[in-house]
There are 2 protein chains.
Amino acid sequence: MLDAIARLRRFNRAVTREVGALDQSYLGRGRPLGAARVLQLITPQGTDIAEIRAKLALDSGLLSRLLRTLEAEALIQLASDPADRRCRTAHLTPAGQTEMAAYEAIGYARAAETLARAGKQPQALIDAMDLIATTLLRDQTEIRDADPNDCAALACLQSYYDLLVEKIQGITPGMLTLPLADAQNYRPPHGAFLIAWSDDLPVGTVSLRPLDATTAEVKRLWVDRSARGQGIARRLMHAIESRAKSLGYAHLKLDTNAALTEAITLYRTCGWSDIPAYTSDPATHWLGKTL
Amino acid sequence: MLDAIARLRRFNRAVTREVGALDQSYLGRGRPLGAARVLQLITPQGTDIAEIRAKLALDSGLLSRLLRTLEAEALIQLASDPADRRCRTAHLTPAGQTEMAAYEAIGYARAAETLARAGKQPQALIDAMDLIATTLLRDQTEIRDADPNDCAALACLQSYYDLLVEKIQGITPGMLTLPLADAQNYRPPHGAFLIAWSDDLPVGTVSLRPLDATTAEVKRLWVDRSARGQGIARRLMHAIESRAKSLGYAHLKLDTNAALTEAITLYRTCGWSDIPAYTSDPATHWLGKTL
DNA sequence: CAAAATGCTTGACTAAGGTCAGGAAAAATA
DNA sequence: TATTTTTCCTGACCTTAGTCAAGCATTTTG
C-alpha cells in the first residue's frame, strides 16, 4: 500500500483536484472552457488554426464553431493565409488581448496561490514540478536552433556557468561573462547554437564554432538537473554532430574538465577519443571525432 | 520567462495531459466518466450516497440517475440506512467488485507506465510526486487513531527507525524490531497511536504510553520527509497532548537524542522543558510538560 | 487542363453533464 | 400531534462537447 504506484496514484488524485479547480476559475469569465482554451492559444501576431486544432486535438467542425463565437464577441479576427488561401489564421483584436490578459491573470494568481502553499520551501516544490513535467513531457522534448543572444540561450549559458563554478575548482563567476563575446561564431553559416525544449522550458544546450575550414569545436554541452537521465545530452550531441556534417566539417574537437565525469563518459560512448591538448588551464581532457 | 510561476504552469500543462489520458482510458470500459467515478467510490461494505455526493460535488438529481444506471447494470445495490431510512447506502455486488477491479487495474497500469518513463531514477520521481501531493493536499491532512499493529502504523515505525539509524551514531537496524513488543501500551484506555494522513498516505505519527497513573510518555514522533515544513509535527504534538489530557494524565515526559535537532526545537516551542534523565543510552535529552 | 487532395465551414445529430422545481418519505422540532 | 426540515427521487430542460457527412474554395498532382 505504500509502494511507488500507490503514491503515484495519490499524486494523480491531488493534481486532478488542482487542475479541476483551475478550469473552474477559467469558467468565471462566462465562457465555456473550450472557447477559453482556444482563445489562449491565439497570439496577437496570428496563429494558424490548423496549429490550434493539432494542439487541442479538436475536430475541425467544432473548432470552426468555437472560432466563430469568439469572432462574434469581437475577440479575434479570422483571415485567409495569403500564401495558401485555403488556410486561415486567427488574430487577437485589442479586446481579445484584454480578455486574454484576464485569463493570464487567473492562471498566474492560482499558480501564486499554489506556490504560497509550499510554505518555506517554494524552491523544492518548483524543482519537484520541473522533474515531473520534464519526465511527463519526455517524448515531446525537441531540439531547435537558437541565436546565442536569445534570452533562452543566455539562461542556458548562465545555468551552465553556475554548474562549472560549482563543479570545477578555480573557476569563479567573474571569469565567465554574458553575452558571449564571440556570438557571431555560433551563428550560421559556420556555427550553430542548439537548445533542447521541453514545452516552453529550455532544458539543454550545445553549440558549435569554427576552428578552421574543416574543423569545428563543440562547446558548452549542458542539461538541466531536472532533465537528466533521459538521453537529452546524447540527442544534443547527435544533433550537433549531424549539423557539423551538414555545414561541411570533417573533424570535431572539444575540451573539457575532469570534474565533468558524466560528460566525458558520454563523449566516449558517442565515439569521441582522446587527442593532444589544444587549449589550456581549466581544460584537462581533449577529445576529437572524425565525421 | 523562467520564473517559478512559468514553471508551475508548465507543470500544470504536463499534468493536465496525463490526467486527461487516464480519463480516456477509463472510458475504455464503455461507461461514461461520471458513472465510472461514482463506481470507484463505492466500497463492498457500502458507502452513503451523501458521502459520494460530497466528494464529487454532484447534484443530487444527477447522482441519483448515475446510481440508477449502475444499479441497472447490476453493479451496485441500493438500500436504505436502517438508522435513518431517508438516507441510502450503495453496496457493490460481486459483478461490481469485478468491474471495480478492472478500473483499479487500468489506473495501476497507467501508473506503472508513467513510472517507466522516469528512466533510471524512479525514486526521484516518486519523491517529487510525494512532495507535490502533500503540498497540494495540505489542508486535507488529518490525524486519526490507529492500532500499533496496523500496516500503516508499521510502515510509519519503519520509516522512523530508518531515520534514527541514519541520524544517530551507534543505532543499528538490528536494535529496532517490529511489531512493537509492548503494543498493548499504545492502545486505549491507557495509550494512543496517532497517524497523520494525507489522502491515503500516512505521513506522520506519534504515540503515547502510560508510565504511571498520572504520567504518560510521548514516543516516536515522526513526519515524512515530503511532508515537512507544513506544521504536521506540531499538529501531532497538540493532538497527543490533548489526548493525554482526555485520558486523565497530568504529566508528560519524553526522551530524545541530540541529533534530532528539529524535534527538540519543536518540543521547546510547544512548552516542554528539560527534566532529569529518566532513561539511558541513545537518549541525550529529556523533556517534560505538565498539562 | 482535369482530377484528386487539402483546409475549412455548415448543418444534423448524439452523448454527457448539469440545473431546477416539485414531490414523497422520514426524521426532527415545536 | 402538527409543522418544519432533511434526504432523496423524478421529470423537464439546457449547455457543452463531440461526431459525421456534405459541400465549397483552393491548391496540388497527373
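All figures in this text were calculated on a predicted structure; none of them were measured in a lab. Chain letters run A, B, ... following the sequence lines, proteins first, then strands; residues in each count from 1.
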Over how many whole Å does the gap from B/Asp59 atom CG to D/dT7 atom P extend? 15 Å

What is the distance, to the nearest angstrom, from the CG atom on A/Leu67 to the P atom on C/dT9? 7 Å

Is there a side chain to side chain contact (heavy atoms under 4.5 Å, CB included) between A/Val203 and A/Val223? Walk through the geometry before answering. CA-CA 6 Å; A/Val203 293; A/Val223 171; 5.6 Å; no

If we ignore hydrogens and angles and just use 3.5 Å, is the side chain of A/Arg235 paired with the main-chain N or O of A/Thr141 as donor and acceptor? yes

What's the CG-P distance between B/Leu56 and C/dG17, to the nearest Å? 11 Å

Nearest whole Å is fine: how far is D/dC9 P from B/Arg86 CZ? 13 Å

Carboxylate-amine/guanidinium contact B/Asp23 B/Arg110, below 4.0 Å: no

Select base, sugar-phosphate, or nothing to describe what A/Asp84 touches, counting heavy atoms under 4.0 Å on all strands. sugar-phosphate

Run the numbers on A/Glu71 and A/Arg68 for salt bridge (Lys or Arg N to Asp or Glu O under 4.0 Å), then give the verdict. CA-CA 5 Å; A/Glu71 199 179 22; A/Arg68 210 141 35 73; over 6 Å; no

Mind calculating the distance between CG (A/Leu63) and C1' (D/dG18) to the nearest angstrom? 13 Å

Residue-phosphate contact under 4.0 Å: B/Arg88 side-chain N/O, D/dC9 OP1/OP2: yes

Would you state whether a donor and an acceptor, one from the side chain of A/Arg85 and one from the base of D/dT26, lie under 3.5 Å apart? no

Without decimals, in angstroms, what is the distance between B/Arg53 CZ and D/dT6 C1'? 11 Å

Expressed in angstrom and rounded to an integer, what is the separation of B/Asp23 atom CG from C/dA16 atom P? 14 Å

Apply the test side chain to side chain contact (heavy atoms under 4.5 Å, CB included) to residues B/Asn149 and B/Arg187: give CA-CA distance (whole Å), side-chain angles for both, the deciding distance (0.1 Å), then the verdict. CA-CA 10 Å; B/Asn149 285 341; B/Arg187 296 195 178 106; 3.3 Å; yes

Among residues 29-51 of chain B, which residues get a heavy atom nearer than 4.0 Å to DNA chain C? B/Pro32, B/Leu33, B/Gly34

Applying a 4.0 Å non-hydrogen cut-off, can you work out what B/Arg65 is touching in the nucleic acid: base, sugar-phosphate, or nothing? base

If you apply the rule side chain to side chain donor-acceptor pair (under 3.5 Å), what do you find for B/Thr134 with A/Arg10, and how did you get there? CA-CA 9 Å; B/Thr134 305; A/Arg10 163 175 171 260; 2.7 Å; yes

Identify the two heavy atoms, one from B/Met100 and one from B/Ile42, that lie closest to each other, and give their separation to 0.1 Å. CE-O, 3.8 Å

Mind calculating the distance between CD1 (B/Ile52) and P (D/dC8) to the nearest angstrom? 10 Å

On DNA chain D, does the nearest nucleotide to B/Leu62 precede the nearest nucleotide to A/Leu58 from the 5' side, or the other way round? Give the residue. B/Leu62

Of the options C/dT9, D/dT19, D/dT10, whose atoms approach the side-chain atoms of B/Arg68 most closely? D/dT10

